[in-house]
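Here is the structure we will look at, set down as structure tokens.
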Amino acid sequence: MTELLKFQNVNISYEKKQVLYDISFSLSSGEILGIVGNSGCGKSTLLKSILSLEGPKVTKGDILFKDMSLLSLNNEDMRQIRGKSISMVFQESGIHTNPLKTVSDTVFESMRAHCAISKRDALDTAVHIFESLSLPDPERILSSYPFELSGGMNQRVGIALAMLNKPSIILADEPTSALDPIVAVQIVNELKSLREKYNTAIILVTHNIKIARSITDTIMVLHHGKIADYGNTKEVLSSPKSEFTKELILSALG
Ligand SMILES: Nc1ncnc2c1ncn2[C@@H]1O[C@H](COP(=O)(O)OP(=O)(O)OP(=O)(O)O)[C@@H](O)[C@H]1O
């Protein structure tokens, strides 16, 4: 397994408010890392800092992608990384799909932003990914506007779109929290199959420790912006080091 992403003693702040403290971890190809913790502990901030999204600033440490510091990249280089090497799936995948555009227009635009490709080739790539994720009737999905698809289907399409440029890492921020439990399980299975089919590494932010237990190889528990526990998921859940993790497991898993 190749190491893709590495956080080295990273501190992150908004303006003057520090949110994350001394965060270190690494992510290898094909690995699924779960980040869990209470609301406001800094999970989303951690994901945003990887892609230098608006708001949080790294004030100490370094974030490396394939041994290259992401913090030293200019805007154009970071734009190339976003969506191509590292893409993001949000809670509401409407963010991936413009309400005024059909899915096929969105597909073409997001692929054309990273490579010279014809519309037909872009759509063929999308059909292939939809089929590999068992999305029904790919041609109908492509010709639909987002409002014509159900919430669950929108989210599944959002995950498929995040895969268009075959990124090596997907950052998934609570991708199942807006969905009913049956669709949530479907999404979790789709994330698993991305790893199996494409060896994609995934960082999954979730409130749901049961989901984390069922899908992740490694887990990081954050408490007030600090790492309370980090390591192999089975080991952390069976013998957590911190009191906070013990309580979290007890309340979620009994
Ligand atoms: N744009 C911002 N400006 C200032 N502070 C922010 C901003 N976004 C988040 N914060 C603060 O940073 C802290 C961490 O927020 P973050 O959204 O990363 O937590 P989270 O663990 O993802 O929470 P949740 O599970 O509720 O989504 C919180 O105290 C939050 O209020």
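Everything quoted here is computed from the prediction, not taken from an experiment. As the structure lists them, so they are numbered: ligands from 1, and atoms in each ligand from 1.
- A donor-acceptor pair is defined here as one N or O able to donate and one able to accept, closer than 3.5 Å; no such pair exists between the side chain of Glu131 and the backbone of His128.
- Contacts between Thr45 and ligand 1 below 4.0 angstrom, taking non-hydrogen atoms only, involve backbone and side chain alike.
- Side chain of Ser69 to backbone of Leu71: a donor-acceptor contact under 3.5 angstrom is found.
- Taking distance alone, with nitrogen or oxygen atoms compared against 3.5 Å, Gly42 approaches ligand 1 more closely than that limit.
- Only the backbone of Asn38 comes within contact range of ligand 1, with a heavy atom under 4.0 Å; no side-chain atom does.
- Under 4.0 Å from ligand 1, the heavy atoms of Lys17 that appear belong solely to its side chain.
- Residue Met220 holds its CE atom at 7.5 Å from CZ of Phe7, rounded to the nearest 0.5 Å.
- Closest protein heavy atom to atom 25 (O) of ligand 1: Lys43 NZ, 2.8 Å.
- Regarding atom 3 (N) of ligand 1, its nearest protein heavy-atom neighbour is Tyr14 CD2, 3.5 Å.
- Considering both main-chain and side-chain atoms, Ser39 comes within under 3.5 Å of ligand 1 through a nitrogen or oxygen pair.
- Against a heavy-atom cut-off of under 4.0 Å, Val19 is close to the following atoms of ligand 1: 12 (O), 13 (C), 14 (C).
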Could you pull out all donor-acceptor pairs under 3.5 Å where a side-chain atom in residues 221-230 meets a protein atom, sequence neighbours excluded?
| from | atom 1 | to | atom 2 | distance (Å) |
| --- | --- | --- | --- | --- |
| Asp229 | OD1 | Lys241 | N | 2.8 |
| Asp229 | OD2 | Lys241 | N | 3.4 |
| Asp229 | OD2 | Ser242 | N | 3.0 |
| Asp229 | OD2 | Ser242 | OG | 2.9 |
| Asp229 | OD2 | Thr245 | OG1 | 2.7 |
| Tyr230 | OH | Ser26 | N | 3.4 |
| Tyr230 | OH | Ser26 | O | 3.2 |

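- Of the charged side-chain nitrogens involved, none lies within less than 4.0 Å of a carboxylate oxygen, so that Lys119 and Asp124 do not count as a salt-bridged pair.
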Under the criterion side chain to side chain donor-acceptor pair (under 3.5 Å), I'd like the reasoning laid out for Thr59 against Gln18: C-alpha separation, chi angles, the key distance, then a yes or no. CA-CA 9 Å; Thr59 55; Gln18 186 166 351; 5.4 Å; no
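- Atom 27 (O) of ligand 1 has as its closest protein heavy atom Ser44 OG, 3.9 Å.
- Residue contact check: His207 has heavy atoms under 4.0 Å from atoms 25 (O) of ligand 1.
- Between atom CD of residue Gln186 and atom OG1 of residue Thr176 there is a gap of 12.5 Å, rounded to the nearest 0.5 Å.
- A donor-acceptor contact shorter than 3.5 Å links the side chain of Ser24 to the backbone of Asn9.
- Between the choices Ser49, Gly55, Gly40, the shortest heavy-atom distance to atom 28 (C) of ligand 1 belongs to Gly40.
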